[in-house]
Amino acid sequence: MNPLNVHSNESSLLLDIENLSVTFGKGTRAFRAVDDVSLQLKQGEVLAVVGESGSGKSVTMMALMGLLPSTATVGANKMQFDGKDMMTLSPKERRKIIGKDISMIFQNAMSCLNPSFTVEYQLAEVLKTHLGLKGDAARQRILELLELVEIPDAKNRLKVYPHQLSGGMSQRVMIAMALACEPKLLIADEPTTALDVTVQAQIMDLLARLQHEKKMAMVLITHDLGLVAQNARDVTVMYAGQMVETNTVPEIFEQPSHPYTEALLQAIPELAIGQKRLNSLPGVVPSQYDRPKGCLLSPRCPYKQPECETPPPILPTPNGKVRCIKTDFPARTSTLKPHSETEFMGSSL
């Protein structure tokens, strides 16, 4: 059984983002990288944010954490975490939350860990900053964290440097760092990037177990719908900085309401068994300088209509929303079954 995202009707809203926008630059060179994105996440649940590179997934989460550069302008009707208004917090108040109540596992752990400091030093900095732990108390907590993420011979790993660790071990150290203060929300940004398939499965199994044991909420950022099927209950699909569809995982897999969601599903290898070629969506995500009028997907969309020259409305669907004028895609029979409300898939990938 996969323990990720066990749903409870009694869980309360932890994260509430409404109409988030992120703009880089000013004047004629201004570029809106995230446009009108809304996300909600309850305590103890897992939300998957899906899309190609350039869809704005990571920028959305970094806006929440206040990690964007000074060239970025962030606006939102609402950005609340655990009842706190993140838009009005001072930098000092935000620093008390980020790293403690909200933690993030960044892409490519090999480049995120500082090569100049040992594993012990980097973990100790987190514990000292947020919990005030020093000396033997910090070392004991570090050993507990390394054992928690299943690093073998943890005591002898304290003095090693990042370059002495494999990719999988480095990712485990990053997970230990993210969990050091037992956060309420864990953001996993492509947590299996640059890892081989076997290690990917181990890392996702580890995250599944820890999320369940710690009862954390988690945002899983990925382009892999296979991971989504096994590890989440709700999913938001993003394209070119916009939310194009949001729904429960079963609804997304059985009845996609947006052409982009359909294209992502068709590109899953498990759904292309017996075909000569894997389905793909022609073209690329539009950049700052080639954004089309109206629907941003229209140059790539097989269902393009004249009405697509104007911005599409956001329409309700069963259990979700979609940004499209076409919502009547036929039901599909998937060989990659997402979990139901009461029964979860196994954790093998």
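The shown structure was predicted, so the numbers you read here are calculated from the model rather than taken from an experiment.
- Contact check on K304 versus E309 returns a salt bridge, with a Lys/Arg side-chain nitrogen under 4.0 Å from an Asp/Glu carboxylate oxygen.
- Using a cut-off of 4.0 Å between Lys/Arg side-chain N and Asp/Glu carboxylate O, D101 and K96 are scored as not salt-bridged.
- The distance from atom OG of S21 to atom CD of Q242, rounded to the nearest 0.5 Å, is 11.5 Å.
- Linking Ile, Leu, Val, Met, Phe, Trp and Tyr residues whenever their side-chain heavy atoms come within less than 4.5 Å leaves L123 and Y121 in two separate clusters.
- H258 NE2 to I252 CD1: the interatomic distance, rounded to the nearest 0.5 Å, is 10.5 Å.
- Under the 4.5 Å side-chain heavy-atom criterion for Ile, Leu, Val, Met, Phe, Trp and Tyr, L220 and V199 are members of the same hydrophobic cluster.
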Residues 281-288 side chain polar contacts: donor-acceptor under 3.5 Å, at least two apart:
unit_1: S287; atom_1: OG; unit_2: Y289; atom_2: N; d: 3.4
unit_1: S287; atom_1: OG; unit_2: D290; atom_2: OD1; d: 3.0
unit_1: Q288; atom_1: NE2; unit_2: R29; atom_2: O; d: 3.0

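- Listed by chain and number, the residues in a side-chain hydrogen bond (donor to acceptor under 3.5 Å, both in side chains) with E190 are H223 (sequence neighbours excluded).
- Closest approach of Y239 and L296 over heavy atoms only: CE2-O, 3.5 Å.
- At a threshold of 4.0 Å, the pair E150-R209 counts as salt-bridged, since one of the basic side-chain nitrogens sits closer than that to a carboxylate oxygen.
- By the 4.0 Å N-to-carboxylate-O rule, E52 lies close enough to R300 to be salt-bridged with it.
- In this structure, the ring of F24 has its center no less than 6.0 angstrom from the ring center of F31.
- Atom CG of D136 has 12 or fewer neighbouring heavy atoms from other residues, nucleotides or ligands inside a 6.0 Å radius.
- The two residues V22 and A63 have their closest heavy-atom pair at CG2-CB, 3.8 Å.
- Applying the side-chain hydrogen bond (donor to acceptor under 3.5 Å, both in side chains) test to S103 and every residue at least two apart in sequence or in another chain returns nothing.
- Checked for salt-bridge contact, K321 and E245 miss the test: no charged N lies under 4.0 Å from a carboxylate O.
- At least one donor-acceptor pair closer than 3.5 Å links the side chain of Q122 to the backbone N or O of F117.
- Q266 approaches L278 most closely through the heavy-atom pair O-CD1, 4.3 Å.
- Partner of I105 under the side-chain contact (heavy atoms from CB on, under 4.5 Å) criterion, out of D189, L207, I203: L207 alone.
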